[in-house]
Participant: 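Sharing a structure, written as C-alpha cells. Questions coming.
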Amino acid sequence: MIQDRETLTLLLEAIDRFVRERLIPAEAQVTETDAIPADIVDEMREMGLFGYALPKEYGGLGLTAEEQVEVSFAFCYASPVFRSYVGTNNGIGGMGIVIDGTPAQKARWLPRLASGEIIGSFALTEPDNGSDAAGLKTFARRDGDHYVINGTKRYITNAPEATIFTLMARTDPGQHGAAGVSAFIVERATPGLSTTAPDRKMGQRGSHTSDVILEDVRVPAGNLIGGREGQGFKTAMKVLDRARLNIAAVCVGIAQRMLDDTLAYALSRKQFGQPIAEFQLVQAMLADSKAEIYAARSMTLDAARRADTGANIITEASCAKLFASEMCSRVADRCVQIYGGAGYMQDYAIERLFRDVRLFRIFEGTSQIQQLVIARNMIRGATR
Ligand code: COS
C-alpha cells in the first residue's frame, strides 16, 4: 500500500541521490576502515533512515510494508553494509517492541530508535542454536522484580554498537521448546553484559557482529516484552517474517546494482574486436539476471502488498527471501564471470559485492529453513 505517492517519490529520489553521491563513492573507504564514516551516519539520521519502518507516533516515518521494500530497493543499490547499520532499528532490533511491546516499552524505546539516537540489536542465535532457535539455552531466572539472565548469543548484528538488545531467553526450564522462551529488552549498560571483539567475516566489512555474553545480568521485569512470559519465540518469529521480506528487497536492490555495473563493463570491455556485450553467451547471462531480478522484485512487492492488507505472509515472506537471496548469489556469480579476470580483483566493486551477498542465503533463516517453513505450511494447508 502506498499512502501518498508524491511523498514516497520524493523520499525515493532523495535516497537515490544519497546512494549515488554519498554512499557508492564511500564504499571502498568503508571496506578499508571497516567503519561507516560518522558524517554519513549523521546524514542517514537526518534523512530518517533509522526509523523509516517505525510508527509515526513514535517519531518514525511510518512506512507501509510496500513502501519499506521500495526504500530497500533504492537504498540497497549501495553496499548492503549501509542498510545493515540502520536495519536493526527498523527491523529485527526494533520490530519486536513495535509488534508485541507494552505501551510503556514503546514510548520509552521507539522514539530513540527512530531518531537514531540509539542502536537496537536482535539477540536470538547462540553457539549451539542457530536454525533450531526454539532450543535456545540462555536462561532468565525470575528474582523478585527482576530477571537474572545468563548465556551467550552469537553472530549478533550491530552488537558492538548496540544500546539495547531484543534478547530471547528461556524463562521456563521445564519447557524445552518454543513455549519456554521469553523476549526481553536488555540494556547494554547493565552490569554483567559484555560483547566480544567483532567477528572477522567473509564480507560486509563495516557491518559488525559479535558475541553477547550475559553473566548474572539483572533485567527489570518491566523489560519483559509484552509483559508475558512464554511469548518470546513467537515475537521472534513475527519479527523474522517482516525481516525476511526486507532481506528479499535488499537482494533485489544490490542485484540490480551488480547487473548495472556489469552491463556497463560488458559494453566497454572489448574482445575479438567488439564489446563483450555483443556475444550471445554473455547476453544469456545478462538476460537471465535481468529476468530473475524482475521476478524477485515482483514477488517481494506482492508479499509486501499482502502484508499491508493484514494477511498472514509467513509463506510468502519465506518464498521471497528464498528466491531473492538465491537469485542474488546467482547474479553475483554471473557478474564475476562476465568481468572475467577483473572480477576476481579487488579493484572492482563486484569482487566485494560477490562476498557481501553470500550472507543473504544464510542469515535471518537459511534457504533450507525457508524451504522447511514453506513446505510445512503447504502440508498444514492440505491436511487441515
Ligand atoms: N509467527 C507467529 N507464530 C509463529 C511463527 C510465525 N512466523 N512461526 C512459528 N510460530 C509459533 C507456532 O505457531 C508455534 O506456536 P504454538 O505452539 O502455539 O502452536 C510456536 O511458534 C512454535 O513453532 P514451531 O513448532 O513451528 O517451532 P519449531 O521449533 O519447529 O521451529 C523454525 C520453527 C525452524 C521455522 C524456526 O525455529 C526458525 O525460523 N528457525 C530459524 C531461525 C532464524 O531465522 N535464525 C536467524 C537468526 S536472526 S539473524
Side-chain angles (χ1 to χ4, degrees), residues 12 15-16 19-21 23-25 27-28 31 69-70 72-81 83 202-204 245-304 316 318-362 366-368 370-371 374:
L12 295 177
I15 292 173
D16 203 45
V19 161
R20 285 167 204 275
E21 291 171 12
L23 301 187
I24 292 177
E27 285 178 359
T31 302
V69 300
E70 288 279 4
S72 292
F73 294 158
F75 190 19
C76 297
Y77 197 81
S79 157
V81 167
R83 190 224 59 114
M202 174 189 285
Q204 304 234 359
L245 183 57
N246 242 299
I247 294 304
V250 171
C251 292
V252 170
I254 195 63
Q256 188 62 55
R257 156 77 180 287
M258 293 190 290
L259 185 59
D260 288 352
D261 281 6
T262 302
L263 177 60
Y265 183 80
L267 287 168
S268 66
R269 169 78 176 165
K270 288 204 173 80
Q271 288 294 282
F272 305 103
Q274 56 181 332
I276 60 171
E278 296 299 329
F279 293 108
Q280 289 185 340
L281 294 178
V282 170
Q283 288 175 0
M285 289 192 275
L286 293 171
D288 284 353
S289 300
K290 175 83 180 171
E292 290 187 26
I293 293 171
Y294 178 50
R297 191 185 172 91
S298 303
M299 276 175 94
T300 306
L301 278 169
D302 177 71
E316 288 76 10
S318 282
C319 287
K321 202 264 183 186
L322 170 65
F323 183 80
S325 61
E326 294 286 335
M327 171 283 290
C328 197
S329 268
R330 284 193 297 273
V331 168
D333 192 69
R334 291 185 197 117
C335 290
V336 169
Q337 195 67 18
I338 293 171
Y339 270 83
Y344 203 67
M345 301 299 148
Q346 294 189 351
D347 303 340
Y348 293 87
I350 193 63
E351 180 274 339
R352 161 171 46 80
L353 296 174
F354 175 83
R355 286 182 288 107
D356 288 350
V357 304
R358 186 61 183 84
L359 177 63
F360 299 137
R361 290 157 60 197
I362 299 171
T366 60
S367 290
Q368 290 66 36
Q370 309 311 328
Q371 290 172 317
I374 296 162

Participant: Less than 4.5 Å apart, side chain to side chain, heavy atoms only: is that true for D302 and S298?
Facilitator: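 No, too far: nothing below the 4.5 Å cut-off.
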Participant: Find the distance between CD1 (I338) and CD1 (I276) and round it off to the nearest 0.5 Å.
Facilitator: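 Reported to 0.5 Å precision, the distance equals 7.0 Å.
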Participant: Among K290, E292, R334, find the one that has a side-chain contact (heavy atoms from CB on, under 4.5 Å) with L259.
Facilitator: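 Option passing the side-chain contact (heavy atoms from CB on, under 4.5 Å) with L259: K290.
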Participant: Taking R355 for the side chain and M202 for the main chain, is one N or O donor matched with an acceptor at less than 3.5 Å?
Facilitator: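 Pair found, side chain donor or acceptor close to backbone of M202.
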Participant: Do R330 and D288 come close enough that some side-chain heavy atom pair is under 4.5 Å?
Facilitator: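 Side-chain contact under 4.5 Å: no.
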Participant: Closest heavy-atom contact between C319 and M299?
Facilitator: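 Nearest pair, atom of C319 first, then M299: O-CE, 3.4 Å.
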Participant: Around atom CD of Q337, are there more than 12 heavy atoms from other residues, nucleotides or ligands closer than 6.0 Å?
Facilitator: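 For Q337, atom CD is not crowded (no more than 12 foreign heavy atoms under 6.0 Å).
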Participant: Would you please classify the geometry between the Y339 ring and the Y265 ring as parallel, tilted or perpendicular, with 30° and 60° separating the classes?
Facilitator: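 Because their plane-to-plane angle is under 30°, the rings of Y265 and Y339 count as parallel.
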Participant: Tell me the closest heavy-atom pair linking Q256 and Y77, and the distance in Å.
Facilitator: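 Minimum heavy-atom contact is C-CE1, 3.9 Å.
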Participant: Rounded to the nearest 0.5 Å, how far apart are CD of Q204 and CZ of R358?
Facilitator: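 Answer for the CD-CZ pair, Q204 versus R358, is 12.5 Å.
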Participant: To the closest 0.5 Å, what do you measure between CG (D356) and CD1 (I350)?
Facilitator: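 Answer for the CG-CD1 pair, D356 versus I350, is 10.0 Å.
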Participant: Taking K321 for the side chain and T366 for the main chain, is one N or O donor matched with an acceptor at less than 3.5 Å?
Facilitator: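 Not a single qualifying donor-acceptor pair exists.
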Participant: Looking at F323 and A296, what are the two nearest heavy atoms and their distance?
Facilitator: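 Heavy atoms of F323 and A296 come nearest at CE2-N, 3.7 Å.
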